[in-house]
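Throughout, numbering of the chain's residues begins at 1 and tracks the sequence.
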Amino acid sequence: MRDLLDAVAAGDIAPAAAEAQLRGYVTSDAGRFDTAREHRAGVPETVLAAGKTPAEVQTLVETSLAGTGRAVVTRADPTVVATLEDQYSEEAGTSMTVDDRAQTVVLKTDEFETPELDATVGVVTAGTSDAMPAGEAETILREMGATVSRTDDIGVASLDRTLDQVPQLREQDILIVAAGREGALPTVLAGLVDVPIIGLPISTGYGHAGEGEAALSGMLQSCTAMSVVNIDAGFTAGVQAGLIARQFDQIRS
């Protein structure tokens with residue numbers, strides 16, 4: 001502990017980083033940030049921007065960068081993105097990657113090294129409308145170190161466009177399959193490939209059991225073997241697939 005205190009006094013380590021090492025979390029006006037989550041559970045702590053003010057998101061991003069060297073933000077609307085760009089786009093020593101469609105932002109210090117896993121996860125969408133949660137899953141997977149193979153717009157409304165992708169989907173270690181409406185795509189693919197499938201129901205679709213309800217119910221009732229996350233839960237799907245990818249990596253290494 002004395003070495004850590006000396007490093008803070010000398011300016012070699014930020015107080016937030018020291019607090020993170022001592023407690024495993026850092027407290028700020030925006031909440032408590034779990035800096036030890038990745039070490040403890042293999043999952044990077046992520047800032048959910050929805051429901052927070054841009055200032056609160058910025059505070060948590062600063063805390064994350066100081067404590068871990070990286071910050072991952074999900075559900076970032078244009079106001080949050082603009083706030084972070086004003087702060088970090090020109091700041092030396094920090095890179096910033098924005099995915100407007102996925103509504104994610106990733107910031108890293110120059111010293112941060114993203115992990116690498118010897119595993120490939122296929123992220124599949126039934127249609128273009130499914131891209132936002134699928135992109136969120138992709139962001140999390142890449143930050144966990146997995147290689148991501150993206151396959152888009154192969155929904156069962158035209159089964160030919162599904163079947164012609166099956167050979168390359170069989171080559172993936174895990175599949176996340178996003179679908180709205182009745183959620184048929186992952187249930188069909190689960191009967192065609194010998195790959196673990198995580199169904200990601202999407203809140204596209206309207207009318208009876210709309211807003212993802214039919215998609216979720218259809219996936220839960222699938223007669224083929226698969227697992228399912230909540231509606232639009234791209235983060236959760238990405239984390240689940242990333243944890244499986246870590247097991248593939250450990251076996252191969």
| request: Look only at the side chain of R252 and the backbone of Q247, and say whether a donor-acceptor pair between them is shorter than 3.5 Å. | output: no
| message | Membership question, hydrophobic clusters at under 4.5 Å side-chain separation (ILVMFWY): are L48 and V80 in the same one? | response | no
| Just how far is it from atom CD of Q250 to atom CG of D118, taken to the nearest 0.5 Å? | 12.0 Å
| field | Shared hydrophobic cluster for V106 and V47 (ILVMFWY, side-chain gaps under 4.5 Å) | value | no
| field | Heavy-atom closest contact (G69 atom, F112 atom, distance) | value | O-CB, 3.4 Å
| field | D77 with R75: basic N within carboxylate O range, under 4.0 Å | value | no
| note | Rounded to the nearest 0.5 angstrom, the CD-CD1 distance for E211 and I231 is 8.5 Å
| query | Taking the side chain as C-beta and beyond, is there a heavy-atom pair between Q240 and S227 under 4.5 Å? | reply | no
| query | Does the pair D164 and V166 meet the rule for a side-chain contact (heavy atoms from CB on, under 4.5 Å), with working shown? | reply | CA-CA 6 Å; D164 68 10; V166 168; over 6 Å; no
| field | Min side-chain heavy-atom separation N230-T236 under 4.5 Å | value | no
| said: For the CD atom of E182 and the OG atom of S217, what is their distance to the nearest 0.5 Å? | reply: 12.0 Å
| said: Tell me the closest heavy-atom pair linking R150 and D152, and the distance in Å. | reply: NE-OD1, 2.9 Å
| query | Distance-only, no hydrogens or angles: does the S64 side chain make a donor-acceptor pair with backbone N or O of L60 under 3.5 Å? | reply | no
| ILVMFWY network linking V229 to M226, side-chain heavy atoms under 4.5 angstrom | no
| field | Value rounded to 0.5 Å, distance of OG1 in T151 from CD in Q172 | value | 6.5 Å
| Can you name the nearest heavy-atom pair linking L117 to R246, along with the distance? | CD1-CG, 3.8 Å
| task | Would you check if V81 and V105 make a side-chain contact, meaning some heavy-atom pair closer than 4.5 Å? | result | yes
| task | Can you measure from CD (Q168) to OG (S149) and round to the nearest 0.5 angstrom? | result | 5.0 Å
| E143/K108 salt bridge by N-O under 4.0 Å criterion | yes
| In Å and rounded to the nearest 0.5 Å, what is the CG to CD distance from L84 to E62? | 9.5 Å
| said: Using a 6.0 Å cut-off, check whether atom CD of E116 has over 12 heavy atoms from anything other than its own residue. | reply: no
| Under 3.5 Å, is there a donor-acceptor pair between the side chain of T125 and the main chain of D153? | yes
| query | Taking a hydrophobic cluster as the set of Ile, Leu, Val, Met, Phe, Trp and Tyr residues connected by side-chain heavy atoms closer than 4.5 Å, whether directly or through intermediates, do M219 and L192 fall within one such cluster? | reply | yes
| Shared hydrophobic cluster, L141 / L243 (ILVMFWY, side-chain heavy atoms < 4.5 Å) | no
| said: Using side-chain heavy atoms (C-beta onward) and a distance below 4.5 Å, is T162 in contact with D160? | reply: no
| Taking all atoms of both residues into account, what is the closest heavy-atom pair of P115 and R70, and its distance? | CD-NH1, 4.3 Å
| Would you say V73 and V57 make side-chain contact, with heavy atoms under 4.5 Å? | yes
| remark: Which of D99, T46, T104 passes side-chain hydrogen bond (donor to acceptor under 3.5 Å, both in side chains) with T139? It is T104
| said: For the backbone of L65 and the side chain of T68, can you confirm whether one donor and one acceptor N or O come within less than 3.5 Å of each other? | reply: no
| query | Do V43 and F235 touch side chain to side chain, with heavy atoms closer than 4.5 Å? | reply | yes
| request: Specify the closest pair of heavy atoms between P167 and L163, including all atoms of both residues, with the distance to one decimal. | output: CD-O, 3.8 Å
| query | So Y88 and V61, side-chain contact (heavy atoms from CB on, under 4.5 Å) or not? Walk me through it. | reply | CA-CA 10 Å; Y88 293 104; V61 164; 3.8 Å; yes
Side-chain polar contacts of residues 193-206 - donor-acceptor pairs under 3.5 angstrom, sequence neighbours left out - could you list them?
{"residue": "S203", "atom": "OG", "partner": "D232", "partner atom": "OD1", "Å": "3.4"}
{"residue": "S203", "atom": "OG", "partner": "D232", "partner atom": "OD2", "Å": "2.6"}

| said: Treating T109 as the side-chain partner and T94 as the backbone partner, does any N or O pair qualify as donor plus acceptor under 3.5 Å? | reply: no
| message | Would you say that Q103 contacts M132 through its side chain, given a criterion of any heavy-atom pair below 4.5 Å between the two side chains? | response | yes
| message | Using modelled atom types and a 3.5 Å cut-off, is there a donor and acceptor pairing between side-chain atoms of D86 and backbone atoms of T83? | response | no
| task | Would you mind telling me which of D249, D173, V121, I174 makes a side-chain contact (heavy atoms from CB on, under 4.5 Å) with I244? | result | I174
| remark: Of all heavy-atom pairs linking D130 and G180, the shortest is OD1-N, 3.6 Å
| CA sep, side-chain torsions, deciding dist, call: R101, E138, salt bridge (Lys or Arg N to Asp or Glu O under 4.0 Å) | CA-CA 12 Å; R101 190 65 180 269; E138 182 175 352; over 6 Å; no
